[in-house]
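What follows is a set of notes on a single structure, which appears directly below.
Predicted, not measured: the structure shown is a model, and the values here were computed from it. Side chains included, hydrogens not; waters and symmetry mates left out as well; all remaining heavy atoms used. Residue numbers start at 1 and run along the sequence shown.
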Amino acid sequence: MDVLRLVDDLEDMLEVSNTVPLTRKVMVDKDEMLHILDQLRKQIPTDIAEAEGIKSREQEILEDAQYQAKQVVQSAHEEAKRLVDEDELVVLATEKAREMIEEAENESKEISLAARNYVDHLLEDTQVQLSELIKTLNQNRSELK
């Protein structure tokens with residue numbers, strides 16, 4: 001994330017700046033500080049858009065998982081129908097169809113759960129990064145005061 005690099009640049013600037021005698025205040029190059037803050041203003045919306053993109057992909061991932069699950073269930077139903085249509089295997093086909101449908105439904109649930117967990121993990125990572133960024137920004141602001 002470029003935002004974290006920019007925050008590090010601000011922190012570095014504060015660390016190397018001259019201090020005002022008998023105070024905790026420092027003197028910084030105004031133009032350099034404004035330049036970094038301008039870059040932050042430009043980068044934060046990009047990072048937020050990235051997080052929103054992940055959030056918007058959540059629905060896409062879930063829809064894809066549901067589509068795959070429906071395909072599995074449909075395939076199981078078709079296979080079950082084919083088996084039932086064969087006269088001499090009617091009993092066996094009915095049992096096999098039930099098992100296949102149950103497996104397909106279980107697989108469908110697993111795919112949906114895995115997709116949700118994946119999206120939740122992506123969002124959690126983004127949230128942690130943004131939280132760290134906000135914490136660092138707040139610390140840097142308090143050091144400037």
Side-chain angles (χ1 to χ4, degrees), residues 1-17 19 24-145:
M1 260 187 168
D2 287 337
V3 171
L4 295 178
R5 182 189 53 78
L6 292 169
V7 170
D8 288 342
D9 290 350
L10 283 173
E11 189 174 8
D12 290 344
M13 184 187 307
L14 288 173
E15 293 295 327
V16 299
S17 295
T19 60
R24 291 180 36 108
K25 296 181 181 190
V26 294
M27 293 182 284
V28 294
D29 182 331
K30 181 179 179 179
D31 291 335
E32 188 177 352
M33 178 70 75
L34 289 174
H35 175 72
I36 294 172
L37 289 173
D38 184 52
Q39 289 178 320
L40 274 170
R41 274 193 201 94
K42 291 175 183 173
Q43 186 61 41
I44 288 175
T46 302
D47 290 350
I48 290 172
E50 182 181 324
E52 288 172 347
I54 292 170
K55 176 66 177 157
S56 70
R57 283 190 9 223
E58 173 185 21
Q59 188 62 32
E60 178 185 330
I61 292 168
L62 290 175
E63 287 173 1
D64 185 48
Q66 288 172 347
Y67 174 77
Q68 289 178 17
K70 285 180 183 177
Q71 294 293 84
V72 169
V73 170
Q74 181 180 353
S75 176
H77 281 292
E78 290 170 2
E79 180 67 14
K81 184 176 179 349
R82 186 188 66 76
L83 291 173
V84 170
D85 287 344
E86 297 175 5
D87 291 2
E88 60 217 57
L89 301 174
V90 170
V91 173
L92 180 60
T94 302
E95 182 58 33
K96 180 71 175 171
R98 233 177 294 162
E99 289 174 9
M100 290 175 69
I101 290 171
E102 184 176 316
E103 282 181 32
E105 289 172 345
N106 288 339
E107 189 174 329
S108 168
K109 289 176 186 175
E110 289 175 14
I111 290 171
S112 291
L113 180 61
R116 286 184 183 273
N117 288 339
Y118 173 73
V119 170
D120 183 60
H121 177 72
L122 288 176
L123 292 173
E124 181 182 27
D125 285 350
T126 302
Q127 182 181 17
V128 166
Q129 289 177 349
L130 290 174
S131 294
E132 290 174 2
L133 170 64
I134 290 170
K135 180 181 175 185
T136 304
L137 285 171
N138 286 336
Q139 288 173 347
N140 288 340
R141 286 187 67 218
S142 69
E143 288 179 9
L144 283 175
K145 292 182 180 182

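Note that the CG atom of L40 and the CG atom of L4 stand 9.5 Å from one another [nearest 0.5 Å]. Note that CG of D47 and CD of Q129 are 8.0 Å apart. Values are rounded to the nearest 0.5 Å. With rounding to the nearest 0.5 angstrom, the CG atom of L10 is 5.5 Å from the CE atom of M33. Separation of atoms CD1 (I134) and CD1 (I44) is listed at 8.0 Å; rounding is to 0.5 Å. Distance check, rounded to the nearest 0.5 Å: CZ of R5 to CD1 of I36 gives 8.5 Å. In this structure, L113 CG and L62 CG are separated by 10.5 Å, a value rounded to the nearest 0.5 Å.
Counting heavy atoms from C-beta on, the side chains of N140 and L144 never come closer than 4.5 Å. The shortest distance between side-chain heavy atoms of Q127 and L123 does not fall below 4.5 Å.
Residues meeting the side-chain hydrogen bond (donor to acceptor under 3.5 Å, both in side chains) test with D8, sequence neighbours left out: none.
When each of K42, H35, R41 is checked for a side chain to side chain donor-acceptor pair (under 3.5 Å) with D38, only K42 meets the rule.
Residue pairs meeting the side-chain hydrogen bond (donor to acceptor under 3.5 Å, both in side chains) criterion with at least one partner in residues 53-71, sequence neighbours excluded, are K55-E58, Q59-E63, D64-Q68, Y67-Q71. Note on residues 109-122: pairs passing side-chain hydrogen bond (donor to acceptor under 3.5 Å, both in side chains), not counting sequence neighbours, are H121-D125.
Of all heavy-atom pairs spanning A115 and I61, the tightest one is CB-CG2, 3.5 Å.
There is no side-chain donor-acceptor pair under 3.5 Å between Q139 and E143.
For CD of E102, the number of neighbouring non-hydrogen atoms (other residues, nucleotides, ligands) closer than 6.0 Å is 12 at most.
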message: Quick one, I101 with H77, criterion side chain to side chain contact (heavy atoms under 4.5 Å, CB included). Give me CA distance, side-chain angles, the key distance, then yes/no.
response: CA-CA 7 Å; I101 290 171; H77 281 292; 3.4 Å; yes
message: D2 vs T46, test: side chain to side chain contact (heavy atoms under 4.5 Å, CB included). Steps then yes/no.
response: CA-CA 10 Å; D2 287 337; T46 302; over 6 Å; no
task: Might you work through the side chain to side chain contact (heavy atoms under 4.5 Å, CB included) test for M13 and D9, ending with a clear yes or no?
output: CA-CA 6 Å; M13 184 187 307; D9 290 350; over 6 Å; no
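T126 contributes a side-chain N or O that, together with a main-chain N or O of L122, makes up a donor-acceptor pair within less than 3.5 Å.
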